[in-house]
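Structure record follows, encoded as structure tokens.
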Amino acid sequence: MKRPPKPPEPRSSFRERMLRLLAWYQGAQRDLPWRHTRDPYAILVAEVMLQQTQVSRVVPRYDQFLACFPTWHALADAPVADVIRAWEPLGYNRRAVRLHRLAQAAVHRWDGDLPHEPELLRCLEGIGPYTAAAVACFAFGAPVPVLDTNARRVLLRLFLGPAKAQERELRALAQEAVAALPEGQAPAWNQALMDLGATVCTSRKPLCPRCPLRADCRSALWMQRANERVAEARGPYRALRLKPFRGSSRYYRGRIVHQLRLLPPGESVALEELGTRVKTTFAVTELPWLYRLVATLEREGLARVEAASGLTLNSELGHVRVRLP
DNA sequence: AAGCCGGGGTT
DNA sequence: AACCCAGGCTT
């Protein structure tokens with residue numbers, strides 16, 4: 001008997017797959033603090049904190065930040081130094097400054113609210129395509145795609161396969177999905193994509209056996225083989241835990257801001273003293289280097305330099321003092 | 001498109 | 001040691 005041609009894989013319709021993911025989400029969704037509110041302020045705080053920062057690192061800081069700054073007004077009226085302090089250790093410290101300015105814009109320009117349309121949200125500094133869509137959807141219920149790294153990966157693997165796709169097709173696919181959604185399901189859908197990506201369809205070690213859509217996934221088979229290859233190739237693990245970014249300007253910027261946060265409120269530190277706190281081998285010949293870093297931080301709203309105006313001669317740098325803005 | 005911007009956890 | 005992360009902005 002001739003071997004029968006391989007039957008076409010049974011594929012559920014686009015809509016069936018969406019409904020299955022939504023059903024999975026109903027039972028598997030993560031209980032996250034920012035999912036208990038639709039207050040635009042609380043949503044925005046979460047979304048800004050979550051920019052390029054893992055959920056597990058935001059959770060412990062989130063309630064604490066909201067306790068310090070419960071409303072638009074509370075945040076807008078607070079000294080920016082307090083906001084910068086409350087941001088530690090989330091990183092990307094300019095987000096704290098931008099969030100502070102966003103609160104002031106909400107109070108003074110938008111009458112205690114935010115615009116509801118993603119296109120208008122996008123005009124605000126610190127709100128990019130992701131955050132605009134997230135606020136529009138999660139706070140205002142707008143049926144728009146919310147494309148973060150998780151949603152991109154899930155859509156790509158699920159519908160487009162292992163080949164790399166252009167941002168353009170991804171957006172088209174995401175838009176098509178949202179348009180096919182039952183009324184009012186956009187927030188759940190977007191969160192379902194993120195949850196699947198965060199807990200099952202992970203970047204490095206996806207748990208395909210636990211995936212509700214495995215049977216209809218364009219990448220499942222490919223992924224299984226890839227995992228087997230990785231398992232074979234994996235060698236003994238050694239934890240090294242060396243200091244990352246040693247010597248990079250990014251590394252020292254972080255240390256500088258950390259030291260400024262440690263200062264008592266309103267106090268400043270001499271540039272040279274700051275140098276020794278930030279770098280154990282600091283020498284006075286490095287004052288210009290340190291001053292450049294601090295000057296950049298000042299332009300970004302993360303530091304204030306107290307000095308005779310515009311003097312950058314080496315001999316003058318000894319009089320420079322630095323503090324939080 | 002590429003570089004820059006933190007910092008902690010995972011493998 | 002590199003990789004990862006509910007990105008955004010500048011050049």
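Chain naming here is simple, since letters A, B, ... match the order of the sequence lines and numbering starts at 1 in each.
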Legend entry - Interatomic distance at P, B:dG6 relative to C:dT10, whole Å: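 Each nucleotide's P atom is 15 Å from the other's.
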Legend entry - Pairwise P distance, C:dA6 and B:dC5 [rounded to whole Å]: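 These two P atoms come out 22 Å apart once rounded.
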Over how many whole Å does the gap from [X] atom [atom1] to [N] atom [atom2] extend?
X      : N      : atom1 : atom2 : answer
A:R152 : C:dG8  : CZ    : C1'   : 12 Å
A:E167 : B:dA1  : CD    : C1'   : 13 Å
A:M194 : C:dC5  : CE    : P     : 14 Å
A:Y252 : B:dG6  : OH    : P     : 15 Å
A:L297 : B:dC5  : CG    : P     : 10 Å
A:R255 : B:dC5  : CZ    : C1'   : 18 Å
A:R299 : C:dT11 : CZ    : P     : 11 Å
A:E300 : C:dC9  : CD    : C1'   : 11 Å

Short side-chain N/O contact to [N] OP1/OP2 from [X], under 4.0 Å:
X      : N     : answer
A:R95  : C:dC9 : no
A:R253 : B:dG6 : yes
A:T131 : C:dG7 : no

Inset, instruction - Taking the side chain as every heavy atom from C-beta outward, state whether A:L317 and A:L290 have any atom pair closer than 4.5 Å. - result: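 They are not in side-chain contact.
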Legend entry - Close side-chain approach of A:R253 and A:E300, heavy atoms under 4.5 Å: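 Yes. Closest side-chain heavy atoms under 4.5 Å.
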Taking [X] for its side chain and [Y] for its backbone only, find out whether a donor-acceptor pair lies under 3.5 Å.
X      : Y      : value
A:N190 : A:A134 : no
A:R152 : A:L147 : yes
A:T276 : A:E273 : yes
A:Y62  : A:A42  : yes
A:Q26  : A:A23  : no

Of the listed nucleotides ([options]), which one gets closest to any side-chain atom of [X]?
X      : options             : answer
A:Y92  : C:dC9, B:dG7, B:dC5 : B:dC5
A:R122 : C:dC9, B:dG8, B:dG6 : C:dC9
A:S249 : B:dC5, C:dC9, C:dA6 : B:dC5
A:R261 : C:dG7, B:dG7, C:dC9 : B:dG7
A:N93  : B:dG7, C:dA6, B:dC5 : B:dG7

Legend entry - 5′-ward residue of the pair A:E125/A:N190 relative to DNA chain C: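 Its nucleotide being nearer the 5' end, the pick is A:N190.
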Inset, instruction - Could you tell me whether A:Y41 and A:F69 have their ring centroids closer than 6.0 angstrom? - result: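 Ring-ring flag for A:Y41/A:F69: false, centres at least 6.0 Å apart.
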Inset, instruction - Looking at every strand, decide which applies to A:W87 at a 4.0 Å heavy-atom threshold: base, sugar-phosphate, or nothing. - result: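 If one applies the 4.0 Å heavy-atom cut-off, A:W87 turns out to touch nothing in the nucleic acid.
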Inset, instruction - For A:L90, report the nucleic acid contact type (base, sugar-phosphate, nothing); a contact means any heavy atom under 4.0 Å. - result: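 Here A:L90 touches the bases of the nucleic acid.
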Below 3.5 Å, does any donor atom in the side chain of [X] face an acceptor in the base of [N], or the other way round?
X      : N     : value
A:R35  : C:dA6 : yes
A:R30  : C:dA6 : yes
A:R250 : B:dC4 : no

Legend entry - Contact nearer the 5' end of DNA chain B, comparing A:H258 with A:Q166: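 It is A:Q166, whose closest nucleotide lies nearer the 5' terminus.
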Legend entry - Close residues, residues 37-58 of chain A, relative to DNA chain B [heavy-atom separation under 4.0 Å]: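 Result for residues 37-58 of chain A: A:Q52, A:T53, A:Q54, A:R57, sorted by number.
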Inset, instruction - Check the pair A:W289 / A:Y252 against ring pair (Phe, Tyr, Trp, His ring centres under 6.0 Å), numbers first and verdict last. - result: CA-CA 11 Å; A:W289 162 79; A:Y252 284 110; 5.1 Å; yes
